[in-house]
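First the proteins, then the strands, lettered A, B, ... as listed; each starts at 1.
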Amino acid sequence: MTVTRARDGHGRRWWGPWLVAACALALLPLVSSAFNEFWDFFFTEMAILALLGVSFNVVYGYGGRHSFCQGMFYGIGAYVTAWLAQRGDVHPLLVVAAATLAASGVAFVAGVVFIRTGTHNFTIATVILGIVAFLTGNTLRWLTGGEDGLNFTLPVSHVAGLAFPPAGIRGKLHLTVAILFVVLFALAWVMRSTAGKIVVAIRENELRAQYLGYGVFAWTLVIFTIGGALAGLAGALYALTVNHVSTSVFDLGLSINAIVWTVVGGLGTVLGPVVGVALLLPITDYLSSLIVYSAIPVGILLVLVVTFAPEGIVGRLGRARSDVVHAERHPTDGSEPVIGSATPGGVTHGH
Amino acid sequence: MHHRGAPIDALMSSHVLAFQALNGLAWGLIFSLIALGLNLIYGLMGVINIAHGSLYMLGAVLAWYVVRYTGNFWLGLVVAPLVVAALSVVAERWVLRPALGKKIVQGLLATTGLLLVLDHGVLAAFGGSPQSIPSPLVGSMHLLGITYPLYRLFVVVAGLVAMLLLWAFLYRTNYGLWMRAVPQNRELALTVGIPTVRVNRLTVALGGYFAALAGVLVAPIVSVHYQMGFSVLAPAFIVVVVGGLGSLRGAILVAILEGELRGLLSVAFSPPLAEILALVALTPILIVRPHGLFSVK
């Protein structure tokens with residue numbers, strides 16, 4: 001029984017590729033020794049933003065509730081880190097935990113109020129929340145420091161012989177990549193479990209899942225809270241990397257970017273947000289070095305992707321592969337690409 | 001102003017209240033013009049237009065250009081909404097129509113892309129620093145025991161007239177009848193010969209027209225900048241959600257309520273804080289009525 005559970009339908013261990021990836025990741029310090037500070041910072045930023053993308057992917061790609069306020073949770077995580085670091089007497093691990101908890105707490109309360117309003121109203125509510133966070137951040141300047149922001153340094157402490165937060169940008173790169181990897185692996189693992197299947201069932205048909213006896217409200221609340229926690233964790237990592245937070249973290253553009261990366265990479269696929277960030281961040285960084293208004297091509301890209309390739313890159317690759325495998329069993333599989341219902345398959349499912 | 005004393009204070013505060021109540025009415029009418037467009041487009045096409053605030057912003061920015069080059073605000077009031085309506089027709093064809101009949105998120109993301117293009121296009125052309133338009137009507141009027149700026153009074157009257165015209169269009173013309181009929185059964189509407197594509201186009205153009213009209217109307221009162229759409233998108237959205245998504249009656253009533261809340265809260269709090277509190281104040285209604293006060297479903 002345990003053997004068949006560990007293998008998927010095609011007789012391969014599903015975590016095989018993850019083991020390979022973990023081994024490859026263990027070599028990261030060797031690779032990163034070739035980086036200069038620019039690349040260290042670039043890849044750290046990429047990993048942090050990928051984590052933000054994952055938080056959106058959890059809420060929408062898996063949970064089926066579209067959120068425009070992941071940037072708000074990211075900002076809360078960053079600011080709680082800044083405020084506690086300024087106190088100077090809180091253990092850094094506790095700071096990161098508190099930042100993550102604070103963001104998930106706000107997500108929980110928002111979820112309690114807005115989830116029952118229905119999927120469409122919920123989405124609108126997240127837009128309102130995002131704008132309220134933006135306005136509040138710029139109004140309560142004594143608390144947030146406004147556009148100038150807050151400077152701080154997190155006291156370093158040693159956890160199991162390792163410095164936390166790690167000294168230097170190289171150490172922070174290793175930390176964020178490791179956290180991103182653990183989160184992705186946990187996500188892949190949870191989505192294979194019964195809980196993951198229930199979440200997908202709710203995404204696919206909320207009403208039917210309810211008729212089958214699943215607590216749609218409770219499951220959605222859990223998903224939204226986890227999404228808030230992941231975005232808050234990303235915000236905390238950002239804060240302890242740059243030691244500076246300003247109200248620009250509440251810019252709605254950040255939430256929109258998290259959406260763009262995930263949609264381009266592939267909604268509801270474990271690696272989608274990572275692929276999206278890895279592809280788009282260099283392009284937008286390069287574009288914004290050429291022209292100031294790099295959001296214009298991003299907007300055009302978003303319109304084109306949702307119109308012509310709504311299942312994203314990872315979803316499209318996965319569909320191409322699973323079409324071949326399932327062609328006879330499910331002749332209709334993947335014939336109608338729809339956002340939010342990416343066909344099973346792809347990198348993580350190992351078909 | 002120079003005397004302090006209990007009776008004077010009471011008189012003062014009643015004046016402040018009346019002033020802010022009128023301000024609240026003006027903003028309420030502005031919000032309802034925007035929320036009505038959102039609800040018409042949602043009701044007809046099933047698309048939540050995230051870029052609706054940007055159309056409002058575009059109206060104000062175009063009016064600023066007209067004032068700058070011709071010096072005539074009233075020309076801007078006529079021209080800017082028409083230009084935005086024409087742009088909305090283009091957006092309908094390339095952004096909204098592909099999302100018709102798809103999952104709600106497709107329209108949501110496509111109009112998010114439109115928002116990025118519009119906001120940052122304006123940032124590129126217009127610049128990031130806020131601009132202002134001088135008030136086209138100077139002077140004030142005695143009303144309800146207070147002196148109220150003439151132009152703000154004009155905003156109230158113009159807002160009411162615009163709503164009446166929209167109502168007459170919806171309930172007294174064929175297109176209006178079709179706009180209300182098509183959402184009930186798109187295929188049946190097509191079968192009986194209603195030009196549904198033209199109805200969609202007209203609805204989006206009308207939504208864009210009224211959003212831009214609202215933008216032009218407030219342009220002499222607020223500062224004109226490329227992100228001003230956000231400050232109206234949030235109240236318009238809370239109005240739409242609390243009023244009931246798709247409900248025209250709910251949009252008007254809750255918009256006035258939201259405007260008044262904002263006006264009266266700014267008696268006690270700073271305007272930006274009043275703006276935030278007014279947004280939060282209506283959310284408890286959703287705990288009691290999750291689908292809004294006048295839900296159509």
Any heavy-atom pair between the side chains of [Y] and [X] that's under 4.5 Å?
| X | Y | result |
| --- | --- | --- |
| Val263(A) | Leu109(B) | yes |
| Thr112(B) | Phe68(A) | yes |
| Leu252(A) | Leu115(B) | no |
| Leu245(B) | Ile124(A) | yes |
| Leu140(A) | Leu273(B) | yes |
| Val241(B) | Phe114(A) | no |

Checklist entry - Between Val240(B), Leu114(B), Leu286(B), which shows the greatest number of heavy-atom pairs under 4.5 Å with chain A? => result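 It is Leu286(B).
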Checklist entry - In terms of heavy-atom pairs under 4.5 Å, which option from Leu123(B), Val95(B), Asp119(B), Ile50(B) contacts chain A the most? => result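 The candidate making the most pairs under 4.5 Å is Leu123(B).
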Checklist entry - What closest approach, in Å, do Ile287(B) and Arg116(A) show between heavy atoms, and which atom pair accounts for it? => result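 Nearest heavy atoms, Ile287(B) then Arg116(A): O-NH2, 3.4 Å.
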Item to check | Minimal non-hydrogen separation, Tyr42(B) against His120(A), with atom names | outcome: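 Minimum heavy-atom contact is OH-ND1, 2.5 Å.
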For [X], is it the side chain, the backbone, both, or neither that has a heavy atom closer than 4.5 Å to a heavy atom of chain A?
| X | value |
| --- | --- |
| Leu279(B) | side chain |
| Ile238(B) | both |
| Leu118(B) | neither |

Anything under 3.5 Å between a donor and an acceptor, one on a side chain of residues 296-308 of chain A, the other on a protein residue two or more places apart or in another chain? List them.
residue: Thr307(A); atom: OG1; partner: Val303(A); partner atom: O; Å: 2.6

Near [X] [atom1], under 6.0 Å, is it more than 12 heavy atoms from other residues, nucleotides or ligands?
| X | atom1 | answer |
| --- | --- | --- |
| Tyr214(A) | OH | no |
| Phe126(B) | CZ | yes |
| Arg208(A) | CZ | no |
| Arg249(B) | CZ | no |

Item to check | Region of Leu135(A) that comes under 4.5 Å of a non-hydrogen atom in chain B | outcome: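 Interface part for Leu135(A): both.
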Item to check | Thr123(A) OG1 to Leu108(B) CG distance, which is reported to the nearest 0.5 Å | outcome: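 So the OG1 of Thr123(A) and the CG of Leu108(B) are separated by 5.5 Å.
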Checklist entry - Which value, rounded to the nearest 0.5 Å, describes the distance between Phe237(B) atom CZ and Thr126(A) atom OG1? => result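 Reported value, rounded in 0.5 Å steps: 9.0 Å.
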Next on the checklist: Let's test your reading of the structure: which of Val127(A), Thr119(A), Val260(A), Val112(A) forms the most heavy-atom pairs below 4.5 Å with chain B?
Outcome noted: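 That would be Val127(A).
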Item to check | Top contributor to chain B interface from Asn138(A), Ile256(A), Ile259(A) [non-hydrogen pairs under 4.5 Å] | outcome: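 Greatest number of close heavy-atom pairs with chain B: Ile256(A).
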